[in-house]
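In the text below, chain A, chain B and the rest are named by the order of the sequence lines, each starting its count at 1.
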Protein chains: 2
Amino acid sequence: MTYQDASFAALGDPTRRQILLLLRDGPAPVGTIAGRFPVSRPAISQHLKVLKDAQLVVVRPAGTRRLYELDPRGLAALRAFFEQFWNEALLAFKAEVERPTRARRRRTP
Amino acid sequence: MTYQDASFAALGDPTRRQILLLLRDGPAPVGTIAGRFPVSRPAISQHLKVLKDAQLVVVRPAGTRRLYELDPRGLAALRAFFEQFWNEALLAFKAEVERPTRARRRRTP
DNA sequence: CGTCTTGGTAAGTCATGGCTTACGGTAAGT
DNA sequence: ACTTACCGTAAGCCATGACTTACCAAGACG
């Protein structure tokens with residue numbers, strides 16, 4: 001499984017998306033993150049593992065705690081993918097619209 | 001469930017992402033799409049339903065066939081979300097780096 | 001009309017994934 | 001050294017979801 005596949009799969013879960021949104025405010029330890037969600041701490045640990053495997057977050061040990069923060073690598077990759085797809089889709093739309101006016105009648109003939 | 005939730009969930013499946021990539025080349029009927037994948041036609045129909053509910057594709061009946069094509073609405077929404085998230089994440093990174101030089105020693109004191 | 005093509009839906013199977021509790025392991029504080 | 005705080009992992013449960021086959025509706029076409 002590529003990192004991109006893993007990233008999209010990771011984004012499929014609402015809790016994981018919320019975690020990413022939360023981490024925009026800066027690094028946070030597991031306990032703090034878990035405190036914001038109605039699920040157990042191990043559940044959050046598992047989500048963080050998925051996000052880490054997808055290169056969407058990185059860990060940094062700090063004493064007995066582990067600080068998680070956003071990983072620019074995965075985020076940049078996702079953004080690039082979207083940007084490219086969007087552009088190509090736009091081209092397709094244009095080509096569609098500008099297609100040699102086929103049966104494009106005003107009023108009824 | 002919001003359209004955005006539905007969109008991200010829809011992107012979680014590799015086959016559905018492939019379908020979207022395929023539809024960049026323009027509208028296609030179900031049979032043609034199904035022919036490109038190693039799964040049955042009903043499976044594709046179900047995937048298309050998910051994509052439609054997520055506003056990522058639209059259907060247009062054409063005789064006995066149904067042409068599926070990309071839906072700019074959902075795609076634009078996703079792109080906007082990513083763009084915003086990326087920008088905010090960038091700000092967070094900057095704030096992180098430019099934080100009042102805390103214990104930033106050159107060489108060892 | 002009858003038939004053939006096209007495709008959506010129902011029902012059932014099976015794997016996956018998200019959750020929980022229980023446990024173990026490491027660093028900090030006394 | 002003993003205890004406490006923090007967190008990852010294992011094991012098991014259960015809902016969800018991706019797939020199959022079977023069936024049915026509707027437009028094209030002789």
* Atom CZ of B:Arg60 to atom P of D:dG27: distance rounded to whole Å? -> 17 Å
* Test side-chain contact (heavy atoms from CB on, under 4.5 Å) applied to A:Glu69 and A:Leu23, A:Val59, A:Val58, the passing residue -> A:Val58
* Asked: What is the distance from CG of B:Asp53 to C1' of D:dG17, rounded to the nearest Å?
  -> 14 Å
* To do: In whole angstrom, give the distance that lies between atom CZ of B:Arg65 and atom P of D:dC29.
  => 10 Å
* For A:Gly12 and for B:Ser45, locate the closest nucleotide of DNA chain C by heavy-atom distance; then report the residue assigned to the nucleotide nearer the 5' terminus. => B:Ser45
* To do: On the 0 to 90° scale, with breaks at 30° and 60°, tag the A:Phe82-A:Phe8 ring pair as parallel, tilted or perpendicular.
  => tilted
Show me the protein contacts with nucleotides 20-26 of chain D, counting only N or O atoms at under 3.5 Å.
unit_1	atom_1	unit_2	atom_2	d
D:dT20	OP2	B:Ser40	N	2.7
D:dT20	OP2	B:Ser40	OG	2.6
D:dT20	O4	B:Gln46	NE2	3.1

* Structure fact -> Here the gap from B:Arg79 atom CZ to A:Trp86 atom CH2, rounded to the nearest 0.5 Å, amounts to 6.0 Å
* Now, which nucleotide makes the Watson-Crick or G-U wobble pair with C:dT30, with each of the two distances under 3.5 Å? -> D:dA1
* Look at A:Tyr68 and D:dG8 and indicate whether a side-chain polar atom (N or O) is within less than 4.0 Å of OP1 or OP2. => yes
* **A:His47 or B:Gly31, whichever maps to the more 5' nucleotide of DNA chain C** => B:Gly31
* Nucleotide range of DNA chain C contacted by chain A, 5' to 3', under 4.0 Å to a heavy atom? -> C:dG18 to C:dA28
